[in-house]
Amino acid sequence: MPELPEVENVVRGLKKNILNKKICGVEVLTESIINGDQNFTQKVQGQIIEDIQRRGKYIIIKLNQGNLLIHLRMTGKLLYNGDKDKHTHLILYLSQDTWLSYKDVRKFGRILYLSDSQLQNYLATKVGLEPLEMSFEEFSQRIMKKKGPIKKNLLDQGVIAGIGNIYADEILFASGVKPQYPTEKLDPADLKAIYENIKSILAIAIEAGGSTIRDYVDSTGKAGDFQNFHKVYGRFGQACVRCNSSLDKTKIAGRTTVFCPDCQKG
DNA sequence: CGTGCGGCCTGAATGC
DNA sequence: TGCATTCAGGCCGCAC
């Protein structure tokens, strides 16, 4: 499930391979992936790929006119020169006999063509702070406007963009705060710890190539390593690496949540 | 306006 | 063994 570190690795891979290439042809195999946009091919064909950026969990491919806004959701993959199979939904044929394909077993992901103003509007209304760039003041101001379980608010993309289920649990374990701990009760030391761990865990995960749980790979087909360093995600019932207690499990905001009942406060 | 939940999807894992 | 059910979790849209 691609979160910020995985998406960042996809973007880095794409930058090596598709920058400045021309989109010579478009093959739409599954209409729902482009939200049924009947003019998609016409809008994209012939354009040059000028830049590739990440914003939260979104990939933005900047064209000479307009943008592709891509979200991989759970099982989406953008592959450079990848093979075509029954889960391939879109192929962009590029210059120099290369191609970029979109593969997605569950078809949750989306690839939308947006003008510059549409893109700016979309990001401004839906996507919150960029975790690797936010200041402590920005973070604490935003998060303290929220109530309820801290994990729920770390997952809220309108507050901070890019944290999903894996990294939320890992960040809160490292911070010594239970995922269900009420946001409004966090003291300054908790906030500081959570802030620092957001930055450090995401940065380390990026350098490890992200986490591969089932099938995440970057645009060159390479899996990540960070799953080998998870301390709570996927470790329900196993021993806490800090205090040796048995890790507990619950549901928060509809998601499986693993935490240590003894060395996380709350 | 905010909140919570069903729907979207498929394949792997689990239950009987 | 085989069939049915559950689970995985991001985000949208809708009901309240």
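Computed over heavy atoms, backbone and side chain alike; hydrogens, waters and symmetry mates excluded. Chain letters run A, B, ... following the sequence lines, proteins first, then strands; residues in each count from 1.
Using atom P as the reference point in both dT5(C) and dG7(B), the two lie 16 Å apart (nearest Å). On the P atoms, dC9(B) is 14 Å away from dG13(C), given to the nearest whole Å.
Contact check, Thr256(A) against dA8(C): a side-chain N or O comes under 4.0 Å of OP1 or OP2. Side-chain N/O atoms of His87(A) include none lying less than 4.0 angstrom from OP1 or OP2 on dC9(B). Using a 4.0 Å cut-off, no side-chain N or O of His71(A) falls inside it from OP1 or OP2 of dG10(C). Taking only side-chain nitrogens and oxygens, Lys146(A) never comes nearer than 4.0 Å to OP1 or OP2 of dG2(B). Contact annotation: Gln157(A) reaches the phosphate of dC11(C) (side-chain N/O to OP1 or OP2, under 4.0 Å).
Between Tyr195(A) and Phe139(A), the two ring planes are tilted [angle within 30° to 60°].
Comparing dA8(C), dC11(C), dT10(B) by their closest approach to the side chain of Lys107(A) singles out dT10(B). Which of dC11(C), dG11(B), dA8(C) sits closest to the side chain of Arg255(A) comes down to dC11(C). Which of dA8(C), dG11(B), dC11(C) sits closest to the side chain of Lys57(A) comes down to dC11(C).
With no hydrogens or angles considered, a side-chain donor-acceptor pair links Tyr167(A) and Glu6(A) at under 3.5 Å. Using a 3.5 Å distance cut-off with no hydrogens or angles, the side chains of Asp104(A) and Tyr102(A) do pair a donor with an acceptor. A donor atom on one side chain and an acceptor atom on the other are found under 3.5 Å apart for Lys151(A) and Thr257(A).
Dense packing is recorded around NZ of Lys21(A), with more than 12 heavy atoms of other residues, nucleotides or ligands lying under 6.0 Å away. Counting non-hydrogen atoms of neighbouring residues, nucleotides and ligands closer than 6.0 angstrom, the CG atom of Asp85(A) exceeds 12 such neighbours.
Base pairing of dC9(B): no nucleotide in any strand meets the Watson-Crick or G-U wobble criterion (both distances under 3.5 Å).
If you check every strand for non-hydrogen atoms under 4.0 Å, Lys147(A) touches nothing. Nucleic acid contact for Lys145(A): none, since no nucleic acid atom lies under 4.0 Å from a heavy atom of the residue. Across all strands, Met1(A) comes closer than 4.0 Å only to sugar-phosphate atoms, never to a base (heavy-atom distances). Residue Tyr122(A) is in sugar-phosphate contact alone, with no base atom involved, counting any heavy-atom pair closer than 4.0 Å across all strands shown. Residue contacts for Thr75(A): at a heavy-atom cut-off of 4.0 Å it reaches no nucleic acid atom on any strand shown.
If you measure from atom CG of Asp215(A) to atom P of dG10(C), you get 14 Å, rounded to the nearest angstrom. If you take CD1 of Ile111(A) and P of dG10(C), they are 19 Å apart, rounded to a whole angstrom. Here dC11(C) presents its P atom at 13 Å from CG of Leu123(A), a figure rounded to the nearest Å. Whole-Å rounding puts the Phe236(A) CZ to dA8(C) P distance at 11 Å. The CD1 atom of Ile59(A) sits 15 Å away from the P atom of dG10(C) (whole-angstrom rounding). One can place CD1 of Ile33(A) at 15 Å from P of dC11(C), the figure rounded to the nearest angstrom. If you measure from atom NZ of Lys251(A) to atom P of dT6(C), you get 13 Å, rounded to the nearest angstrom. Rounded to whole Å, atom C1' of dT10(B) lies 15 Å from atom CZ of Arg73(A).
For Ser32(A) and Asp156(A), each mapped to the nucleotide of DNA chain B holding its nearest heavy atom, the one lying further toward the 5' end belongs to Asp156(A). If you find the closest nucleotide of DNA chain B to Arg110(A) and to Lys152(A), the one lying nearer the 5' end belongs to Lys152(A).
For the pair Arg242(A) and Phe173(A), the cation sits on the ring face: its NZ or CZ lies under 6.0 Å from the ring centre, inside 45° of the axis.
The base of dA8(C) sits within donor-acceptor range of the side chain of Arg106(A), with an N or O pair under 3.5 Å.
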